[in-house]
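Computed from heavy atoms alone, side chains included, the values below leave out hydrogens, waters and symmetry copies. Lettering of chains follows the sequences in order, A, B, ..., and the numbering in each one begins at 1. Bear in mind that the values here come from a model prediction, so they are computed numbers and not experimental data.
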Amino acid sequence: MSKYHFNDIEAKWQKHWAEKGTFHASNNSDLPKYYVLDMFPYPSGAGLHVGHPLGYIASDVYSRYKRHKGFNVLHPQGYDSFGLPAEQYAIQTGQHPAQTTQVNIEGGVDNQGNRIAGYRNQLDKIGFSFDWSREVRTSNPEYYKWTQWIFTELFNAWYNFDTDTSEKIETLITLFSSEGNTKVNAACDEGMETFTANDWIGFSSEKQQEILLGYRLTYLAETEVNWCPELGTVLANDEIVNGVSERGGYAVIRKKMKQWSMRISAFAERLLQDLDTVDWSESIKETQRNWIGKSVGATVEFQVKDHDAKIPVFTTRPDTIFGVSFMTLAPEHELVAKLTTAAQKEAVESYVHATAKRSERERMADVKTISGVFTGAFAEHPFTKEPIQIWIGDYVLAGYGTGAVMAVPCGDQRDYDFAKHFGLPIPNVFEGVDISEEAFTDKENTVIANSDFLNGLKYKKAVKLAIYELEKIGAGEGKTNYRLRDAVFSRQRYWGEPFPVYYKNGMPQMIDVAHLPLELPKIEKYLPTETGEPPLGRADVWAWDTEKCSVVSNELVDGKTVFSLELNTMPGWAGSSWYFFRYMEKEHRSEVFASKEAMDYWQNVDLYIGGSEHGTGHLLYSRFWVKFLYDLQHVPVKEPFQKMINQGMILGESAFVYRVEGQNKFVSKGKKDGYTIQPIHADVSMVNTSNELDVEAFKNWRVEFKDAEFVTEEDGTFKVSREVEKMSKSKYNVVNPDDICDQYGADTLRMYEMFLGPLEQAKPWNTAGISGVHSFLKKMWRLFHGGPDDTFFVSDDAATKDNLKTLHKTIKKVEEDIENFSFNTSVSTFMIAVNELTSQKCNSREILESLVVLISPYAPHIAEELWSLLGHEQSISAVAFPKFEAKHLVESSKEYPISFNGKMRFKLELSLDMTKEEIEAAVMAHEKTIQQLDGRTPKKVIVVPGKIINIVG
RNA sequence: GCUGAAGUGGUGGAAUUGGUAGACACGUUGGACUUAAAAUCCAAUGUCCAUUAGGACGUACGGGUUCAAGUCCCGUCUUCAGUACCA
């Protein structure tokens, strides 16, 4: 073989790696461990486009590099295989989602006759060093058994704020029976009643269960949820974008439903603090901080006049307490109905009704409009005892803080606007500040005035004293508030994990791990039932027999030993919140979710690569579960992902043809002037690298284009215009990696994706540019094929000085680049190395062997092939990375740039042994210097040995 | 509005600590080889002026620090991403 037959080479080595299990990681190795993880994909029927593998290629380069560096590398892959598309496909076609999912992963033909390549086949073509023996699919019962188990563990736990850990529910029960709940500092539902030990012992079992539910880390509660009627399910906050569903863009309304929730809010402070312990980008940490939304301030209680009620509010500005001139409640606030006077009743009710009717989106759309109604009631200022009007207004959100605010118009712009609009007083509590135009919100320059004991104090001191005084009179206390809400965990869907829950007398009961997994039942249709129950409501065999410990027919439900099972399923993020532990275990997967030995060895993910779009969902939920599992000593780590890199999106270059408005006529890009045109997408596969459209193919693309007229350029070609957009099927700009592999090879694809630009940056894909990388690989191949008739040839002669210099500068640069995830620049470095070695006519074994190892993380197939041609029998994958030796880069002279006033004018080769004075003398004596100076005497000469010479004057 | 990131040739991008701006590629132009094509190779390619020698300008814009600024400082603009009546 003398030509570079990449297709043969790549198929050969991919087969070899699979057969030999080359990349299977060992769970007991003396080598240091390194765990590299990709965010696992949802296997959609559309298959991979060239944007998807970018992160996988980067992580694969790093994994292979780490193996060369002597690490035992775990680099697994799997599928986040529960999800909406498979279910919607099931609704349309009746095909079971499990079947669709399998075809999408393994390839085949779906029941609509579409040929599906299959994720696994597509991934295999790219030559990843994944350890497939540890594959995970979240929809496999063997896997979701443990997702269900974690759910039951959360159910059987509570959060103790005194020790700041999750504890077993038994410890809480013990506390309740010995001292009631008055001293317990736990995360619990709002408005939890207080009781003594005697009360507790006297409660019925149902009552006790109900109370415990208010403390459990996953709990059932009537909550106001984001209901999406089109999708027929509730959505979590992070599944809603701009007030509509992230998937499909459907309207979302507020609705009260009984739902499972996760008490993630208990972990808010730890989720925030531990961000400092991980090596993530500042922007993604910031996204998480915003989402957690910590704010420090105080709660203040306002006594309502003539009522036995207090209204608690949260404020970050207790220092402005004397600036309160009214209060505003959210229209949904529970006290509204009670407080409203008869005179205001009608106005208040119509306002409440009107806001309830508006969707989230409408409410967001006009934040500018100020609206509100006076309730007629008054509260009392805690210090001055002055009466304060109580209003309602939709600028106050029911879901944040206490759903009520103390309005300080002089210090808050929204309160200010509200006061101006309704003619309410605006007292000024700031010294020397003009508030006739707008509120004064700056904290730094605050000096408090007109505020009794706070007068003359600056912000920080005033806050402290205000809280102290509030606590003294029992009207408030210091308090930290978080924006992070508990996460709704129920979905009214079929294709998700069933809850391991049955109901006895209306109270939820967990199924013991010994009887898990609780597998999804078979149903005929994947739609909600006619009575509005979730799809599982259609199952006939969906009841739990507590004696047989198995699922039985619904007909057997008797309320004594056989009970109804939960009809909701878990959300998409359940399975992805712990999958990184599952990969660690390969031996006893049905017995444990991951063994202690495996977890002690692998610890956490050293490098996690994936998109930044999971900043608030997946990354927050998995951190929460890991902290919980850590508290119960199920896992040895507090954080799942030590270092994270977020790869940028690869964008597509869409092709547009211009259609003349109202006619079946298209004009080429250069001819469009004078026409009223409308751009439409053409499939990029019909356009060549010079932007010429294959007109015949275009005519055949759509029936309506068959007889279209085409106005071409002078040379007869028809040109499209290009625009960079997100890669998507609907924009006809998708490039399939399979095609690139067939045409140029996986090694070319891998190197080109790395060469495109910095990993974390968004960048457009341009197939035309791939030829540069491809010719580079061919050129490298030729370096090893300098024998007669281009046969393989390397010599055992000693390497020249130049050869060694090229090699070692390459080792140094490539090593630094990989460590810094600067993969694009190392591809350039390889090109420079091969260009140099080619012109040096290098065929030295010593040099070429090292070169092959250097490049093998990037282009593993060609590296394996050349390695075996060099006479090695073992795979190159574990060969030691070449060692950099600085001695080969030592220079005796330097070509100095000579600048005049900072501008480089000429270069001069000088010995590096020379002193500053000698250099200066040599430069000043040079004829070009004399010519440049033109008789002037320089004011100053800067000599930086080894760097530069600058002559000033 | 707030937060974060970024603005460099026709294009993707490089310049890791202030020290030769535009590495490495794509594209374009010209040439070699070939009956031809493909493949390969060679040369040119920031803009402007100049026949050459050479010169002026040049890293979003305006200032500043420095012998020297894409890089540091101040101000402005633009783009992208996240988030938003958060009290």
U3(B) to U8(B) separation - P atoms, rounded to the nearest Å
24 Å

Between the side chains of Glu760(A) and Ser281(A), does any donor sit under 3.5 Å from an acceptor?
no

Is there a side-chain contact between Asn290(A) and the phosphate of C86(B), meaning an N or O under 4.0 Å from OP1 or OP2?
no

For Lys285(A) and Val278(A), indicate whether the former's side chain and the latter's backbone hold a donor-acceptor pair under 3.5 Å.
yes

Whole angstrom is fine here: how far is it from CZ in Arg782(A) over to P in A39(B)?
13 Å

Are side-chain N/O atoms of Lys940(A) and Asn950(A) paired as donor and acceptor at under 3.5 Å?
no

Please check the phosphate of U83(B) (OP1 and OP2 only) for any side-chain N or O of Arg483(A) closer than 4.0 Å.
no

Give the rounded distance in Å between these two atoms: CZ of Phe906(A) and C1' of A53(B).
16 Å

Result for 5'-nearest mapping on RNA chain B, choosing between Lys907(A) and Arg317(A), is Lys907(A)

Any Lys/Arg nitrogen of Glu816(A) or Lys812(A) sitting under 4.0 Å from an Asp/Glu carboxylate oxygen of the other?
yes

What is the pairing partner of C33(B), taking Watson-Crick or G-U wobble pairs with both distances under 3.5 Å in any strand?
none

Within this structure, what is the CE-to-C1' distance between Met904(A) and G22(B), rounded to whole angstrom?
13 Å

Look at Lys805(A) together with Glu836(A) and state whether they make a salt bridge at an N to O cut-off of under 4.0 Å.
no

Complementary nucleotide for U78(B) - Watson-Crick or wobble, under 3.5 Å:
A6(B)

Counterpart base for A68(B), defined by Watson-Crick or G-U wobble contacts under 3.5 Å:
none

Taking only side-chain N and O atoms of Arg905(A), does any of them lie within less than 4.0 angstrom of OP1 or OP2 on A56(B)?
yes

N/O (side chain, Arg414(A)) to phosphate O (OP1/OP2, C86(B)) under 4.0 Å:
yes

Rounded to the nearest angstrom, tell me the gap between atom OH in Tyr482(A) and atom C1' in U83(B).
20 Å

Roughly how many Å apart are A6(B) and G13(B), using the P atom of each and rounding to a whole number?
14 Å

Of all of residues 319-329 of chain A, which get a heavy atom below 4.0 angstrom from RNA chain B, listed by number?
none

Starting the side chain at C-beta, find the nucleotide from A87(B), C67(B), G27(B) nearest to Ser771(A).
G27(B)

Could you state the CZ-P distance from Arg722(A) to C26(B), rounded to the nearest angstrom?
17 Å

Starting at atom CD of Gln413(A), determine the distance to atom P of C2(B), rounded to an integer number of angstrom.
13 Å

Interatomic distance, Met831(A) CE vs C24(B) P [rounded to whole Å]
10 Å

Inter-nucleotide P distance (U52(B), U45(B)), Å rounded:
13 Å

If we take the P atom in both A81(B) and C74(B), what is their distance in whole Å?
27 Å

Under a 4.0 Å threshold between the charged nitrogen and the carboxylate oxygen, would Glu437(A) count as salt-bridged to Lys420(A)?
no

Taking only the P atom of each, what is the distance from U79(B) to A14(B) in whole angstrom?
23 Å

Between Asn481(A) and Ser295(A), is there a side-chain donor-acceptor contact under 3.5 Å, judged purely by atom types and distance?
no

Regarding the side chain of Asn835(A), the nearest nucleotide among A25(B), C67(B), A87(B) is A25(B)

Identity of whatever pairs with G1(B) - Watson-Crick or G-U, under 3.5 angstrom:
U83(B)

pair_partner(A21(B)), Watson-Crick or wobble, both distances < 3.5 Å, evaluates to none

Would you check if the side chain of Asn733(A) reaches a backbone N or O of Lys726(A) as a donor-acceptor pair within less than 3.5 Å?
yes

Over 60° means perpendicular and under 30° means parallel, so classify the ring planes of Tyr395(A) and Phe418(A), tilted if in between.
tilted

If each of Glu895(A) and Asp415(A) is mapped to the nucleotide of RNA chain B with the nearest heavy atom, which maps nearer the 5' terminus, i.e. the 5' end?
Glu895(A)

Starting at the 5' end of nucleotides 4-19 of chain B, put B wherever the base has a protein heavy atom under 4.0 Å, S where only the sugar-phosphate does, and a dash everywhere else.
S-------BSS-B--B

For G46(B), decide between syn and anti, treating a glycosidic angle within 90° of 0 as syn.
anti

Residue pair Ser265(A), Tyr482(A): steps toward the side-chain hydrogen bond (donor to acceptor under 3.5 Å, both in side chains) verdict:
CA-CA 8 Å; Ser265(A) 58; Tyr482(A) 299 91; over 6 Å; no

Looking at Lys779(A), I'd like to know whether one of its side-chain N or O atoms comes within less than 4.0 Å of OP1 or OP2 on U40(B).
no

Write down the distance separating the C1' atoms in G75(B) and C24(B), rounded off to the nearest Å.
36 Å

Please confirm whether the backbone N or O of Ile770(A) pairs with a side-chain atom of His774(A), one donor and one acceptor, at under 3.5 Å?
no

Paired with U59(B): which nucleotide, if any, by Watson-Crick or G-U wobble criteria at under 3.5 Å for both distances?
none

